[in-house]
Structure formats: C-alpha cells, structure tokens
*Asks:* 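Pasting a structure here, questions to come.
Just so it is clear, the values below take in all heavy atoms, side chains as well, and ignore hydrogens, waters and symmetry mates.
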Amino acid sequence: LLDVCRQALVFDGVAALARGLAAVLADPDVAVERVKNRLDPGYDSLESCGYRDVHINLRVTTAAARELGVHRHVCELQLVLKAVAVMKTETGHRRYIAFRNSRAR
C-alpha cells in the first residue's frame with residue numbers, strides 16, 4: 001500500500017518540474033523508494049489513459065518522523081504539469097479508475 005498519504009505539486013512547466021524532482025531527490029530528510037516517470041517519451045501512455053506526471057514514493061526520515069514512528073510510512077508525491085492538472089477532475093479520476101480496473105491483470 002503506497003498512496004494512503006498522497007499529495008500533488010503542480011508546476012508551470014517541465015523545467016520547473018525537473019527542478020522540483022531534483023530537490024526531492026537531493027533532500028537528506030527523504031528516502032526515495034521509487035520514481036515513476038510518466039513524462040518519459042518512452043512511457044506507454046495507454047497504461048494511464050494518456051495521463052502524464054511523475055510519481056515519487058518516499059519516506060520522511062527526520063528525527064521527528066522516527067520519534068512518531070512514521071519513518072517507514074511510504075507516501076506518494078505527484079509532480080504534475082499545470083496543463084494536465086486543470087484537466088484532472090473528480091469525474092475524470094473516476095473514469096481513470098474504471099479504465100485501470102478494467103485492465104486488471
């Protein structure tokens with residue numbers, strides 16, 4: 001289970017998104033578990049109904065997180081381009097979930 005705690009950061013352009021990704025990857029208080037780059041030209045967008053973003057599964061590893069016992073909790077951080085974010089609606093998300101579930105393997 002990876003996305004009980006999920007948040008999205010919205011960026012005006014690819015360069016800003018790349019700087020945000022670099023900042024997360026360089027943060028000593030974060031342990032990055034996985035990066036899924038759905039902006040990569042090699043990514044098959046049929047897998048996500050054309051939706052494009054970058055997902056980072058991470059853990060916060062600060063002393064405070066360890067003290068609270070949440071340093072092993074994996075969170076999802078979505079890095080999204082503004083042009084994509086404005087199309088992301090509740091109805092659109094429901095359609096995506098139905099699409100994803102219909103492709104269950």
*Asks:* Test Val32 against every option in Asn57, Leu21, Ile56 by the side-chain contact (heavy atoms from CB on, under 4.5 Å) rule and name the one that passes.
*Replies:*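 With Val32 as partner, Asn57, Leu21, Ile56 yield a single side-chain contact (heavy atoms from CB on, under 4.5 Å), made by Ile56.
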
*Asks:* What about Leu81 and Val10, same hydrophobic cluster or not, with Ile/Leu/Val/Met/Phe/Trp/Tyr joined at side-chain heavy-atom distances under 4.5 Å?
*Replies:*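 No; tracing contacts between hydrophobic side chains, which count when under 4.5 Å, never links both residues.
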
*Asks:* Among pairs that include at least one residue of residues 12-33, which meet side-chain hydrogen bond (donor to acceptor under 3.5 Å, both in side chains), considering only residues two or more places apart or in two chains?
*Replies:*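 Those involving residues 12-33 are Glu33-Arg59.
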
*Asks:* Output all residues satisfying side-chain contact (heavy atoms from CB on, under 4.5 Å) with Leu9, sequence neighbours left out; order by chain, then residue number.
*Replies:*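 Leu9 satisfies side-chain contact (heavy atoms from CB on, under 4.5 Å) with Phe11, Leu77, Leu79 only.
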
*Asks:* Does any part of the side chain of Gln7, heavy atoms only, come nearer than 4.5 Å to the side chain of Cys75, both counted from C-beta?
*Replies:*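 In short, these two side chains do not touch, never coming nearer than 4.5 Å.
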
*Asks:* Just to verify, what does Ala64 make a side-chain contact (heavy atoms from CB on, under 4.5 Å) with, not counting sequence neighbours?
*Replies:*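 Ala64 satisfies side-chain contact (heavy atoms from CB on, under 4.5 Å) with Thr62 only.
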
*Asks:* Name all residues meeting the side-chain contact (heavy atoms from CB on, under 4.5 Å) criterion together with Leu68; count only those two or more places apart in sequence or in a different chain, and write none if there are none.
*Replies:*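 Partners of Leu68 under the side-chain contact (heavy atoms from CB on, under 4.5 Å) test: Val70.
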
*Asks:* Under 4.5 Å between side-chain heavy atoms, hopping through other hydrophobics if needed: is there a path connecting Val54 to Tyr43?
*Replies:*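 No, Val54 does not connect to Tyr43 through the hydrophobic network.
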
*Asks:* Going by atom types alone, do Asp53 and His55 pair a side-chain donor with an acceptor below 3.5 Å?
*Replies:*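 On atom types as modelled, these side chains qualify, holding a pair under 3.5 Å.
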
*Asks:* Step by step, work out the side chain to side chain contact (heavy atoms under 4.5 Å, CB included) result for Leu17 and Leu39.
*Replies:* CA-CA 11 Å; Leu17 188 147; Leu39 293 176; 4.0 Å; yes

*Asks:* About how many Å separate NE2 of His71 and OG1 of Thr61, when rounded to the nearest 0.5 Å?
*Replies:*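 Thr61 atom OG1 to His71 atom NE2 measures 9.0 Å (nearest 0.5 Å).
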
